[in-house]
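The chains referred to below are lettered A, B, ... by the order of the sequence lines, with proteins before strands, and numbering in each begins at 1.
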Amino acid sequence: MRILSSDVSAHVGEQIHIEGWLHKKRLLGGLTFINVRDRRGLTQVVIKDKEEIEKLRGLHIGTVLAVEGMVVEEPRAPGGAELHDATLTVLVPVTDEPPIEIDKPIQHKPENLDTLFEYRVLNIRNLQEQKIFKIRGSLTRAIRNFLDEHEFTEIDTPKLLAEATEGGAEVFQLDYFGKTATLAQSPQFYKQIMVGAFERVYEIGHSYRAEPSATTRHLTELTMLDIEMGFVSGHDEVLDMVGDMTQHALKTIYEQHADDLKSLNAPELKLPEGGKIPRFTIAQIHEMYGKANKIDLSNEKDLIPDEEKWICEYARKELGTDLVYATEFPIGAAKFYHKVDAEKGVVMWGDLLFRGLEIATVPLRENNYETMVEQMTKAGLDVSHEGFKYYLQAFKYGLPMHGGCGFGIDRLVEKTIGLGNVKEATLFPRDINRLTP
RNA sequence: GGGCUCGUAGUGAAGUGGUUAUCACGCCUCCCUGUCACGGAGGAGAUCGCCGGUUCAAUCCCGGUCGAGCCCGCCA
């Protein structure tokens, strides 16, 4: 029976069988140490028999091995135990020298990110590199757990669409049996439609943006958490739900992965006392930032990137929180499906900022059929068009007041760990010039 | 789409208008019984991104091109 690395120390005095990848050889003359990697980590094997060592001659890191040996308690060994008198069996030999080293820290310097992704297949075998994606998996699991507990139904919606209907970002077009199809920029329409059935829904899936953006925070294929909830009392309820979910996910991760986060040099987590994420209106932030930096941003309809960093630094320092909401966007920023507060002259839309970056947009939607048609017409859209027909059906036949969020999972992972580029939080990132691996 | 910066062994870097382009890691050979980024001795490995120009001479200077990084716009 195969014993996994983390269980080896429980078998002291027993002859056991392990399988894994050759991770490191250290030849010290009459004594050789090898590390065998499996899904749990590393096992140290000590080999003295020259014939056994010779089996590894010409074989490189990555060679798949089976090892039989006696478990010996050894304080000098990592994990407190190691295998002695080992017999090696090469299951899959690796005869070509790997192009990169995987037992040492993987470079994440901006100018070397291209190499990082070029050799992703191999560098993901680095234990430190793996932590990023284990944390990512745990984050989405914590989010799913929270949403399931709050009676959200997980849905999956099509990514192949007849054409772009949402407007805004650039869309990818592709040939679809002679017709033109597009890739979904978001599940916006579908999740709103599903509010008409399940009240509360969410989806974790890919969205596609053909924006020619070359920055540290853009991907052409991104992972979005889309949430939509009906029968809400107002915008605050949506902001609170998304805020609570985010805090739950972060708290969970910082407990489950405390050691991993520490070894990755993640910042200390600061969440607001009492659990309420502070809110500043766009106008307030413009004023505060403008005063501190002596510039006038009152005509900007969104925050500029430096403002996002600034307000986050302010919130961390003055209010002890890594999360902050920017709310009440100017009416000029509204899309046709947003709920507008006519009295205040603002959009009921909040951006969730985390450690200097926008990670989610959290708006309330217009749910009245007549108002929707009016807003769409005003936006220059043809409401009779096929792309809107099915969407509007949901409104015509009864949608309660609802709101939700588009939440960037890649960005959440990036900022949770304290990485410098959203691509580092993505296994196989897609950007303007990268379609492989 | 606009701006700025950068392309040198497999990887990461240094460097120069002029003989054999430097270093670290990795790789190969040998030595080494407690390594864990092991250590030591030796060795192989680079048409200096590509094309053109200036020059007696270009990896270096100039132009173009391709590729990469960062910032802005836009967004998650």
Side-chain angles (χ1 to χ4, degrees), chain A residues 23-35 42-50 53 57-61 72 74-79 82 84 95-119 122-123 126-128 166-170 185-188 205-226 300-306 308 333 335 351-354 357-363 405-415 420-423 425-426 431-434:
Chain A
H23 192 71
K24 184 72 188 175
K25 293 190 258 192
R26 286 191 193 88
L27 289 82
L28 277 70
L31 184 66
T32 293
F33 294 97
I34 66 168
N35 289 329
L42 302 178
T43 304
Q44 177 160 286
V45 180
V46 184
I47 307 169
K48 292 180 184 171
D49 186 338
K50 287 260 188 314
I53 296 163
R57 182 178 286 273
L59 299 183
H60 292 273
I61 302 310
V72 173
E74 173 54 77
R76 289 173 294 185
E82 62 190 11
H84 284 198
T95 50
D96 288 349
E97 182 193 349
I100 56 160
E101 293 158 71
I102 58 164
D103 64 311
K104 294 183 181 166
I106 302 296
Q107 289 271 1
H108 277 241
K109 291 200 308 199
E111 58 270 36
N112 297 334
L113 284 182
D114 197 46
T115 313
L116 179 73
F117 302 125
E118 188 59 32
Y119 297 116
L122 297 178
N123 65 39
N126 175 277
L127 298 177
Q128 194 73 354
E166 205 195 314
E170 296 286 323
Q185 301 158 270
S186 87
Q188 183 64 36
H206 285 163
S207 288
Y208 300 88
R209 307 278 168 91
E211 296 284 349
S213 299
T215 76
T216 52
R217 54 190 190 282
H218 288 91
L219 296 162
T220 52
E221 181 179 58
L222 53 134
T223 304
M224 285 242 284
L225 160 67
D226 272 274
E300 291 280 335
K301 63 179 176 148
D302 195 353
L303 302 178
I304 63 171
D306 194 50
E308 292 179 352
K335 289 182 181 168
D351 269 0
L352 181 58
L353 307 177
F354 178 47
L357 185 64
E358 172 190 336
I359 58 166
T361 58
V362 192
C405 73
F407 197 119
I409 295 294
D410 314 281
R411 288 185 179 184
L412 174 68
V413 177
E414 174 202 350
K415 286 298 170 185
N421 190 316
V422 71
K423 293 172 202 168
T426 312
D431 64 29
I432 300 178
N433 341 288
R434 186 168 279 282

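Here A:T215 lies in heavy-atom contact (under 4.0 Å) with a base. No contact: A:L357 has no heavy atom under 4.0 Å from any strand. Across all strands shown, A:P78 has heavy atoms under 4.0 Å from base atoms, whether or not it also approaches the sugar-phosphate.
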- Message: So if I define the base as every atom that isn't primed, P, OP1 or OP2, how would nucleotides 41-47 of chain B read as a B/S/- string at a heavy-atom cutoff under 4.0 Å?
- Response: -------

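Across all strands shown, B:rC50 pairs with B:rG64; the Watson-Crick or G-U wobble distances both stay below 3.5 Å. Base pairing of B:rU19 is not made with any nucleotide, judged by Watson-Crick or G-U wobble geometry with both donor-acceptor distances under 3.5 Å. B:rC27: Watson-Crick or G-U partner is B:rG43, with both key distances under 3.5 Å. Nucleotide B:rC4 is matched to B:rG69 when pairs are restricted to Watson-Crick or G-U wobble geometry with both distances under 3.5 angstrom.
If you check distances only, the side chain of A:H218 does reach the base of B:rC74 with a donor-acceptor pair under 3.5 Å. Within 3.5 Å, a donor on the side chain of A:E82 pairs with an acceptor on the base of B:rG34, or the reverse.
Each of B:rU35, B:rC71, B:rC75 was ranked by its minimum atom distance to the side chain of A:D302; first place goes to B:rC75. For A:M224, taking side-chain heavy atoms from C-beta onward, the closest of the listed nucleotides B:rA76, B:rG10, B:rG34 is B:rA76. Picking from B:rU11, B:rC25, B:rG69 the nucleotide with the shortest atom distance to the side chain of A:K423 gives B:rG69. Here the nucleotide nearest the side chain of A:Q44, chosen from B:rU11, B:rC38, B:rC36, is B:rC36. Closest approach to the A:K109 side chain among B:rG34, B:rA76, B:rA13 is made by B:rA13 (side chain taken as heavy atoms from C-beta onward). Between B:rG34, B:rC70, B:rA37, one nucleotide has an atom nearer to the side chain of A:P110 than all others, and that is B:rC70. For A:P305, the listed nucleotide lying nearest its side chain is B:rG73; candidates were B:rU35, B:rG73, B:rA13. Here B:rC38 is the nucleotide among B:rU33, B:rG10, B:rC38 with the atom lying nearest to any side-chain atom of A:R26.
For A:I61, the side chain to side chain contact (heavy atoms under 4.5 Å, CB included) test picks out A:L22, A:I102, with sequence neighbours left out.
Rounded to the nearest 0.5 Å, atoms NZ (A:K24) and NZ (A:K104) are 5.0 Å apart.
Rounded to whole Å, the separation between the C1' atoms of B:rA9 and B:rU22 comes to 12 Å. A distance of about 38 Å separates the P atoms of B:rU54 and B:rC70, rounded to the whole Å. Remark: the separation of the C1' atoms in B:rU65 and B:rU55 is 23 Å, to the nearest Å. To the nearest whole angstrom, the two P atoms, one in B:rA46 and one in B:rA21, are 11 Å apart. Using C1' as the reference atom, B:rC48 and B:rC23 are 16 Å apart when rounded to the nearest Å.
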